[in-house]
Amino acid sequence: MACIVMKFGGTSVADVEKIRHVAGRVKHEVDAGNSVAVVVSAMAGVTNQLVEHTRSAARLYDLREYDAIVSSGENVTAGLLSIILQDMGIAARSWQGWQIPVITDEAHGSARIVEIHGEELQRRLESGEVAVVAGFQGLEPSRNRITTLGRGGSDTSAVALAAALKADRCDIYTDVDGVYTSDPRIVKGARKLNRITYEEMLEMASQGAKVLQTRSVEMAMKYNVPVQVRSTFEDKPGTLVVDEDEIVEKAVVSGVTYSRDEAKITLRKVPDRPGVAASIFGPLADSAINVDMIVQNISPDTKSTDMTFTVGRSDLDRTVQVLESHREDLGFSDLVAEEGVVKVSVIGVGMRSHTGVAQQMFQALASKGINIQVITTSEIKISVLIDEAYLELALRSLHTVYGLDVT
Ligand code: ASP
Ligand code: MG
(Lines give C-alpha, C1' and ligand atoms only; values in the text may rest on other atoms or scores of the structure.)
(Ligands and ions follow the chains in the order given, each with its own letter.)
Protein backbone atom coordinates (compact mmCIF):
# COMPACT_ATOMS: atom_id res chain seq x y z
CA MET A 1 0.00 0.00 0.00
CA ALA A 2 1.44 3.35 -1.04
CA CYS A 3 0.93 6.56 0.87
CA ILE A 4 0.27 9.49 -1.42
CA VAL A 5 -0.35 13.18 -0.94
CA MET A 6 -2.60 14.85 -3.54
CA LYS A 7 -2.72 18.64 -3.64
CA PHE A 8 -5.40 20.58 -5.51
CA GLY A 9 -5.00 24.28 -6.28
CA GLY A 10 -7.68 26.97 -6.32
CA THR A 11 -8.79 26.54 -9.93
CA SER A 12 -9.23 22.79 -9.34
CA VAL A 13 -11.68 23.44 -6.50
CA ALA A 14 -13.29 26.60 -7.88
CA ASP A 15 -16.87 25.42 -7.29
CA VAL A 16 -18.77 22.45 -5.87
CA GLU A 17 -18.91 20.70 -9.23
CA LYS A 18 -15.15 20.93 -9.59
CA ILE A 19 -14.71 19.67 -6.03
CA ARG A 20 -16.89 16.72 -7.00
CA HIS A 21 -14.52 16.05 -9.88
CA VAL A 22 -11.58 16.24 -7.47
CA ALA A 23 -13.35 13.75 -5.19
CA GLY A 24 -13.49 11.40 -8.17
CA ARG A 25 -9.72 11.60 -8.57
CA VAL A 26 -9.27 10.92 -4.86
CA LYS A 27 -11.61 7.94 -5.06
CA HIS A 28 -9.55 6.57 -7.92
CA GLU A 29 -6.44 6.49 -5.69
CA VAL A 30 -8.37 5.07 -2.74
CA ASP A 31 -9.83 2.32 -4.93
CA ALA A 32 -6.31 1.48 -6.08
CA GLY A 33 -5.53 0.64 -2.44
CA ASN A 34 -3.50 3.72 -1.54
CA SER A 35 -3.72 5.64 1.69
CA VAL A 36 -4.39 9.22 0.75
CA ALA A 37 -3.91 12.65 2.30
CA VAL A 38 -5.38 15.48 0.24
CA VAL A 39 -4.25 19.09 0.61
CA VAL A 40 -6.59 21.76 -0.73
CA SER A 41 -6.34 25.46 -1.54
CA ALA A 42 -9.11 27.97 -1.16
CA MET A 43 -11.61 28.16 -4.05
CA ALA A 44 -10.20 30.28 -6.89
CA GLY A 45 -10.27 33.98 -6.09
CA VAL A 46 -11.29 33.54 -2.46
CA THR A 47 -7.91 34.31 -0.89
CA ASN A 48 -7.55 37.41 -3.07
CA GLN A 49 -10.93 38.60 -1.91
CA LEU A 50 -10.07 37.98 1.74
CA VAL A 51 -6.83 39.92 1.31
CA GLU A 52 -8.78 42.78 -0.25
CA HIS A 53 -11.32 42.82 2.58
CA THR A 54 -8.48 43.01 5.07
CA ARG A 55 -6.82 45.88 3.23
CA SER A 56 -10.01 47.87 2.97
CA ALA A 57 -10.76 47.34 6.66
CA ALA A 58 -7.63 49.16 7.78
CA ARG A 59 -4.60 50.59 6.09
CA LEU A 60 -2.19 49.19 8.66
CA TYR A 61 -3.45 45.90 9.94
CA ASP A 62 -2.38 43.37 12.52
CA LEU A 63 -0.78 40.39 10.77
CA ARG A 64 -2.15 37.90 13.30
CA GLU A 65 -5.65 38.93 12.32
CA TYR A 66 -4.68 38.95 8.63
CA ASP A 67 -3.78 35.28 9.03
CA ALA A 68 -7.01 34.55 10.90
CA ILE A 69 -8.92 36.02 7.96
CA VAL A 70 -7.04 34.80 4.90
CA SER A 71 -6.56 31.26 6.20
CA SER A 72 -10.32 30.75 6.27
CA GLY A 73 -10.77 30.04 2.55
CA GLU A 74 -9.07 26.66 2.86
CA ASN A 75 -11.41 25.59 5.68
CA VAL A 76 -14.38 25.80 3.36
CA THR A 77 -12.77 23.66 0.64
CA ALA A 78 -11.55 21.03 3.11
CA GLY A 79 -15.02 20.69 4.62
CA LEU A 80 -16.75 20.53 1.24
CA LEU A 81 -14.41 17.89 -0.15
CA SER A 82 -14.82 15.80 3.00
CA ILE A 83 -18.61 15.92 2.74
CA ILE A 84 -18.55 14.96 -0.93
CA LEU A 85 -16.16 12.05 -0.26
CA GLN A 86 -18.36 10.85 2.59
CA ASP A 87 -21.34 11.05 0.28
CA MET A 88 -19.48 8.75 -2.11
CA GLY A 89 -19.04 6.23 0.69
CA ILE A 90 -15.42 7.10 1.47
CA ALA A 91 -14.38 7.71 5.07
CA ALA A 92 -12.95 11.22 5.10
CA ARG A 93 -12.20 13.92 7.65
CA SER A 94 -11.07 17.52 7.28
CA TRP A 95 -8.04 18.85 9.16
CA GLN A 96 -7.13 22.47 9.73
CA GLY A 97 -3.47 23.35 10.25
CA TRP A 98 -3.80 23.73 14.03
CA GLN A 99 -5.51 20.38 14.39
CA ILE A 100 -2.63 18.36 12.96
CA PRO A 101 -0.71 20.54 14.08
CA VAL A 102 1.57 22.13 11.49
CA ILE A 103 3.96 24.07 13.72
CA THR A 104 5.46 27.26 12.22
CA ASP A 105 7.60 30.18 13.26
CA GLU A 106 6.13 33.57 14.17
CA ALA A 107 6.43 35.20 10.74
CA HIS A 108 2.73 35.86 10.25
CA GLY A 109 1.76 36.25 6.61
CA SER A 110 4.64 34.11 5.35
CA ALA A 111 5.45 31.71 8.16
CA ARG A 112 7.87 28.82 7.77
CA ILE A 113 7.02 25.31 8.82
CA VAL A 114 9.15 24.12 11.75
CA GLU A 115 7.68 20.66 12.18
CA ILE A 116 4.55 18.62 11.60
CA HIS A 117 3.18 16.29 14.26
CA GLY A 118 1.61 13.84 11.88
CA GLU A 119 1.15 10.86 14.23
CA GLU A 120 -2.61 11.06 14.64
CA LEU A 121 -3.06 11.77 10.95
CA GLN A 122 -0.89 8.77 10.15
CA ARG A 123 -2.98 6.55 12.42
CA ARG A 124 -6.16 7.68 10.69
CA LEU A 125 -4.66 7.10 7.25
CA GLU A 126 -3.65 3.60 8.26
CA SER A 127 -7.20 2.92 9.38
CA GLY A 128 -8.35 3.76 5.85
CA GLU A 129 -9.63 7.28 6.40
CA VAL A 130 -8.84 9.97 3.83
CA ALA A 131 -7.36 13.08 5.47
CA VAL A 132 -8.44 16.31 3.79
CA VAL A 133 -6.00 18.97 4.94
CA ALA A 134 -6.56 22.70 4.63
CA GLY A 135 -3.37 23.93 2.95
CA PHE A 136 -1.62 27.24 3.63
CA GLN A 137 -2.23 27.05 7.40
CA GLY A 138 0.01 26.63 10.40
CA LEU A 139 0.05 27.16 14.13
CA GLU A 140 2.47 29.43 15.95
CA PRO A 141 2.68 27.76 19.36
CA SER A 142 4.07 30.54 21.58
CA ARG A 143 0.96 32.68 21.14
CA ASN A 144 -1.25 29.82 19.99
CA ARG A 145 -2.27 31.68 16.82
CA ILE A 146 -3.01 30.57 13.28
CA THR A 147 -0.36 31.44 10.70
CA THR A 148 -0.31 31.32 6.90
CA LEU A 149 2.58 30.21 4.74
CA GLY A 150 2.62 33.03 2.17
CA ARG A 151 0.72 33.18 -1.13
CA GLY A 152 0.76 29.88 -2.92
CA GLY A 153 1.65 28.21 0.38
CA SER A 154 -0.50 25.13 0.05
CA ASP A 155 2.15 23.68 -2.28
CA THR A 156 4.49 23.85 0.69
CA SER A 157 1.84 22.35 2.98
CA ALA A 158 1.59 19.40 0.61
CA VAL A 159 5.31 18.78 0.27
CA ALA A 160 5.88 19.18 4.01
CA LEU A 161 3.09 16.75 4.75
CA ALA A 162 4.51 14.28 2.24
CA ALA A 163 7.88 14.54 3.98
CA ALA A 164 6.33 14.10 7.44
CA LEU A 165 4.28 11.08 6.33
CA LYS A 166 7.20 9.71 4.30
CA ALA A 167 4.75 9.53 1.43
CA ASP A 168 5.69 7.66 -1.72
CA ARG A 169 4.46 10.50 -3.94
CA CYS A 170 3.34 14.09 -3.77
CA ASP A 171 1.11 14.93 -6.71
CA ILE A 172 0.39 18.62 -7.28
CA TYR A 173 -2.80 18.85 -9.33
CA THR A 174 -3.31 22.12 -11.14
CA ASP A 175 -4.82 23.76 -14.22
CA VAL A 176 -1.76 23.14 -16.37
CA ASP A 177 -0.52 19.67 -17.26
CA GLY A 178 3.06 20.14 -16.12
CA VAL A 179 6.11 22.35 -16.16
CA TYR A 180 6.89 23.91 -19.53
CA THR A 181 10.13 25.00 -21.15
CA SER A 182 8.64 28.50 -21.27
CA ASP A 183 5.31 30.26 -20.97
CA PRO A 184 3.12 28.61 -23.65
CA ARG A 185 0.96 31.74 -23.84
CA ILE A 186 3.93 33.62 -25.27
CA VAL A 187 6.16 30.96 -26.78
CA LYS A 188 4.14 28.84 -29.19
CA GLY A 189 6.81 26.16 -29.38
CA ALA A 190 6.99 25.66 -25.59
CA ARG A 191 6.69 22.05 -24.55
CA LYS A 192 6.03 20.08 -21.41
CA LEU A 193 9.06 18.63 -19.63
CA ASN A 194 8.76 15.01 -18.54
CA ARG A 195 11.34 15.53 -15.82
CA ILE A 196 13.10 18.44 -14.25
CA THR A 197 15.65 18.57 -11.43
CA TYR A 198 14.84 20.11 -8.05
CA GLU A 199 17.48 22.73 -8.65
CA GLU A 200 16.12 23.78 -12.01
CA MET A 201 12.61 23.86 -10.62
CA LEU A 202 13.81 25.99 -7.75
CA GLU A 203 15.38 28.49 -10.12
CA MET A 204 12.30 28.46 -12.33
CA ALA A 205 9.96 29.04 -9.41
CA SER A 206 12.07 31.87 -8.04
CA GLN A 207 12.54 33.39 -11.52
CA GLY A 208 8.82 33.83 -11.98
CA ALA A 209 7.34 30.50 -13.15
CA LYS A 210 4.21 30.38 -11.00
CA VAL A 211 3.51 26.68 -10.99
CA LEU A 212 5.01 25.87 -7.56
CA GLN A 213 5.74 28.00 -4.51
CA THR A 214 9.52 28.36 -4.22
CA ARG A 215 9.57 27.12 -0.65
CA SER A 216 7.80 23.93 -1.62
CA VAL A 217 10.63 23.10 -4.02
CA GLU A 218 13.26 23.88 -1.38
CA MET A 219 11.47 21.53 0.94
CA ALA A 220 11.10 18.79 -1.69
CA MET A 221 14.81 19.03 -2.45
CA LYS A 222 15.79 18.91 1.21
CA TYR A 223 13.68 15.87 2.05
CA ASN A 224 13.90 14.23 -1.37
CA VAL A 225 10.13 14.19 -1.88
CA PRO A 226 9.18 12.98 -5.36
CA VAL A 227 6.87 15.68 -6.69
CA GLN A 228 4.73 15.48 -9.77
CA VAL A 229 2.99 18.51 -11.31
CA ARG A 230 -0.05 17.31 -13.25
CA SER A 231 -3.45 18.29 -14.56
CA THR A 232 -6.64 17.96 -12.53
CA PHE A 233 -8.76 17.90 -15.63
CA GLU A 234 -6.83 15.61 -17.97
CA ASP A 235 -5.70 12.15 -17.00
CA LYS A 236 -2.14 12.07 -18.27
CA PRO A 237 1.34 12.09 -16.77
CA GLY A 238 2.68 15.48 -15.74
CA THR A 239 6.21 16.64 -14.95
CA LEU A 240 8.28 14.80 -12.36
CA VAL A 241 10.52 16.94 -10.19
CA VAL A 242 13.42 14.71 -9.22
CA ASP A 243 17.03 14.45 -8.20
CA GLU A 244 19.63 15.13 -10.86
CA ASP A 245 20.82 11.51 -10.80
CA GLU A 246 17.43 10.43 -12.06
CA ILE A 247 17.78 12.36 -15.30
CA VAL A 248 19.87 10.58 -17.87
CA GLU A 249 19.91 13.06 -20.72
CA LYS A 250 20.50 16.47 -19.30
CA ALA A 251 19.60 19.39 -21.52
CA VAL A 252 22.04 22.29 -21.39
CA VAL A 253 19.11 24.65 -21.00
CA SER A 254 15.78 23.33 -19.70
CA GLY A 255 13.77 26.48 -19.53
CA VAL A 256 13.47 30.16 -20.34
CA THR A 257 11.56 32.13 -17.72
CA TYR A 258 10.71 35.74 -17.08
CA SER A 259 9.52 38.08 -14.41
CA ARG A 260 7.67 41.32 -15.03
CA ASP A 261 7.81 42.20 -11.36
CA GLU A 262 11.02 44.18 -11.73
CA ALA A 263 12.10 47.75 -11.20
CA LYS A 264 15.56 49.22 -11.63
CA ILE A 265 17.25 51.80 -9.48
CA THR A 266 20.49 53.59 -10.25
CA LEU A 267 22.32 55.69 -7.71
CA ARG A 268 24.70 58.05 -9.44
CA LYS A 269 28.02 59.13 -8.01
CA VAL A 270 28.05 57.09 -4.85
CA PRO A 271 31.33 57.63 -2.97
CA ASP A 272 33.69 54.78 -3.86
CA ARG A 273 34.91 53.60 -0.47
CA PRO A 274 34.68 50.48 1.70
CA GLY A 275 31.30 50.04 3.34
CA VAL A 276 29.25 51.89 0.78
CA ALA A 277 27.37 48.82 -0.43
CA ALA A 278 26.61 47.87 3.15
CA SER A 279 25.27 51.33 3.85
CA ILE A 280 22.96 51.20 0.82
CA PHE A 281 21.62 47.68 1.19
CA GLY A 282 21.51 47.63 4.99
CA PRO A 283 18.55 50.02 5.29
CA LEU A 284 16.75 48.20 2.46
CA ALA A 285 17.15 44.88 4.23
CA ASP A 286 15.91 46.46 7.45
CA SER A 287 12.78 47.51 5.57
CA ALA A 288 12.36 43.93 4.26
CA ILE A 289 12.97 45.02 0.67
CA ASN A 290 14.37 42.22 -1.42
CA VAL A 291 17.17 43.29 -3.74
CA ASP A 292 17.88 40.98 -6.66
CA MET A 293 20.40 41.94 -9.35
CA ILE A 294 23.24 44.30 -8.40
CA VAL A 295 25.95 45.99 -10.48
CA GLN A 296 28.55 48.34 -9.25
CA ASN A 297 30.66 50.02 -11.88
CA ILE A 298 34.33 50.71 -11.50
CA SER A 299 34.87 54.36 -10.86
CA PRO A 300 36.60 56.36 -13.55
CA ASP A 301 38.07 58.77 -11.02
CA THR A 302 38.34 56.35 -8.05
CA LYS A 303 36.22 58.79 -6.06
CA SER A 304 32.69 57.85 -7.02
CA THR A 305 30.81 55.12 -8.79
CA ASP A 306 27.32 54.25 -10.06
CA MET A 307 25.34 51.51 -8.38
CA THR A 308 22.45 49.80 -10.18
CA PHE A 309 20.14 47.20 -8.69
CA THR A 310 16.65 45.75 -9.03
CA VAL A 311 13.76 45.33 -6.60
CA GLY A 312 10.20 44.06 -6.97
CA ARG A 313 7.92 46.60 -8.66
CA SER A 314 5.62 46.78 -5.68
CA ASP A 315 8.63 47.70 -3.52
CA LEU A 316 9.80 50.53 -5.75
CA ASP A 317 8.10 53.41 -3.96
CA ARG A 318 9.28 52.22 -0.58
CA THR A 319 12.80 51.69 -1.89
CA VAL A 320 12.97 55.26 -3.19
CA GLN A 321 11.61 56.52 0.11
CA VAL A 322 14.17 54.61 2.17
CA LEU A 323 17.08 55.73 -0.03
CA GLU A 324 15.98 59.35 -0.08
CA SER A 325 15.71 59.34 3.69
CA HIS A 326 19.38 58.24 3.83
CA ARG A 327 20.51 60.60 1.11
CA GLU A 328 22.81 62.57 3.39
CA ASP A 329 24.87 59.61 4.63
CA LEU A 330 24.86 57.76 1.29
CA GLY A 331 26.07 60.79 -0.58
CA PHE A 332 24.78 59.92 -4.08
CA SER A 333 24.13 62.70 -6.57
CA ASP A 334 21.03 61.32 -8.33
CA LEU A 335 18.54 58.53 -7.94
CA VAL A 336 17.02 57.17 -11.14
CA ALA A 337 14.06 54.76 -10.76
CA GLU A 338 12.69 52.85 -13.72
CA GLU A 339 9.74 50.49 -14.02
CA GLY A 340 9.61 49.38 -17.64
CA VAL A 341 12.05 46.48 -17.27
CA VAL A 342 11.72 42.69 -17.16
CA LYS A 343 14.08 39.91 -16.22
CA VAL A 344 14.62 36.99 -18.58
CA SER A 345 16.47 33.90 -17.36
CA VAL A 346 17.75 30.73 -18.96
CA ILE A 347 18.07 27.78 -16.62
CA GLY A 348 19.70 24.37 -16.90
CA VAL A 349 21.92 22.05 -14.88
CA GLY A 350 23.80 21.26 -18.08
CA MET A 351 25.40 24.71 -17.87
CA ARG A 352 27.76 23.36 -15.26
CA SER A 353 29.52 21.24 -17.83
CA HIS A 354 29.00 23.27 -21.02
CA THR A 355 30.74 26.44 -22.03
CA GLY A 356 29.39 29.17 -24.28
CA VAL A 357 25.84 29.17 -22.92
CA ALA A 358 26.00 32.82 -21.89
CA GLN A 359 27.60 33.82 -25.16
CA GLN A 360 24.76 32.16 -27.06
CA MET A 361 22.26 34.15 -25.04
CA PHE A 362 23.97 37.49 -25.54
CA GLN A 363 24.41 36.79 -29.25
CA ALA A 364 20.74 35.89 -29.67
CA LEU A 365 19.62 39.08 -27.94
CA ALA A 366 22.09 41.20 -29.87
CA SER A 367 20.90 39.82 -33.19
CA LYS A 368 17.40 41.07 -32.33
CA GLY A 369 18.75 44.46 -31.29
CA ILE A 370 17.84 43.92 -27.65
CA ASN A 371 19.98 45.86 -25.21
CA ILE A 372 21.01 44.12 -21.99
CA GLN A 373 20.91 46.42 -18.96
CA VAL A 374 22.05 44.13 -16.15
CA ILE A 375 23.40 40.58 -16.10
CA THR A 376 23.60 38.10 -13.24
CA THR A 377 24.58 34.46 -13.24
CA SER A 378 24.56 31.46 -10.98
CA GLU A 379 25.91 27.99 -11.62
CA ILE A 380 22.78 26.93 -13.49
CA LYS A 381 21.18 30.23 -14.51
CA ILE A 382 21.86 33.37 -16.52
CA SER A 383 19.54 36.33 -16.08
CA VAL A 384 19.37 39.57 -18.00
CA LEU A 385 17.36 42.69 -17.43
CA ILE A 386 15.89 44.16 -20.60
CA ASP A 387 13.30 46.68 -21.75
CA GLU A 388 9.78 45.36 -21.20
CA ALA A 389 8.85 45.98 -24.83
CA TYR A 390 11.21 43.19 -25.95
CA LEU A 391 10.03 40.50 -23.57
CA GLU A 392 8.17 38.35 -26.07
CA LEU A 393 10.81 38.63 -28.75
CA ALA A 394 13.53 37.71 -26.26
CA LEU A 395 11.68 34.67 -24.93
CA ARG A 396 10.94 33.32 -28.40
CA SER A 397 14.46 33.86 -29.72
CA LEU A 398 16.11 32.24 -26.71
CA HIS A 399 13.72 29.31 -26.80
CA THR A 400 14.70 28.68 -30.41
CA VAL A 401 18.43 29.25 -29.94
CA TYR A 402 18.66 26.63 -27.19
CA GLY A 403 16.78 24.11 -29.29
CA LEU A 404 13.76 23.96 -27.03
CA ASP A 405 11.04 24.44 -29.65
CA VAL A 406 8.68 21.56 -30.37
CA THR A 407 9.86 19.96 -33.57
N1 ASP B 1 -5.05 30.11 -1.01
C2 ASP B 1 -3.72 30.53 -0.81
C3 ASP B 1 -3.29 31.51 -1.90
O4 ASP B 1 -4.02 31.81 -2.79
C5 ASP B 1 -2.76 29.39 -0.74
C6 ASP B 1 -2.67 28.58 -1.99
O7 ASP B 1 -3.59 28.53 -2.78
O8 ASP B 1 -1.66 27.91 -2.17
O9 ASP B 1 -2.20 32.01 -1.86
MG1 MG C 1 -0.68 27.79 -6.44
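Counting convention: from 1, in listed order, for ligands and their atoms alike. Computed from a prediction, not measured in an experiment: that's the story for all the values here.
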Member of Ser383, Ser378, Ser254 meeting the side-chain hydrogen bond (donor to acceptor under 3.5 Å, both in side chains) criterion with Glu203: Ser378
For residues Tyr180 and Asp177, is any side-chain donor paired with an opposing acceptor at under 3.5 Å? yes
Listing by chain and number, which residues have a heavy atom under 4.0 Å from ligand 1? Ser41, Ala42, Thr47, Glu74, Phe136, Arg151, Gly152, Gly153, Ser154
Any residue meeting side chain to side chain contact (heavy atoms under 4.5 Å, CB included) with Tyr61, in chain and number order, not counting sequence neighbours: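 Partners of Tyr61 by the side chain to side chain contact (heavy atoms under 4.5 Å, CB included) criterion, ordered by chain and then number, come out as Thr54, Arg55, Leu63, Tyr66.
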Can you check whether Val39 reaches Phe136 side chain to side chain, under 4.5 Å on heavy atoms?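 The answer is no, as the side chains (C-beta and beyond) never meet within the 4.5 Å cut-off.
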Between Ala111 and Thr147, which heavy-atom pair has the shortest distance, and what is it?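 Looking at all heavy atoms of both residues, the closest pair is CB-CB, 3.7 Å.
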Specify whether Tyr173 and Phe8 have parallel, tilted or perpendicular ring planes, treating 30° as the upper limit for parallel and 60° as the lower limit for perpendicular.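 Parallel, since the angle between the ring planes stays under 30°.
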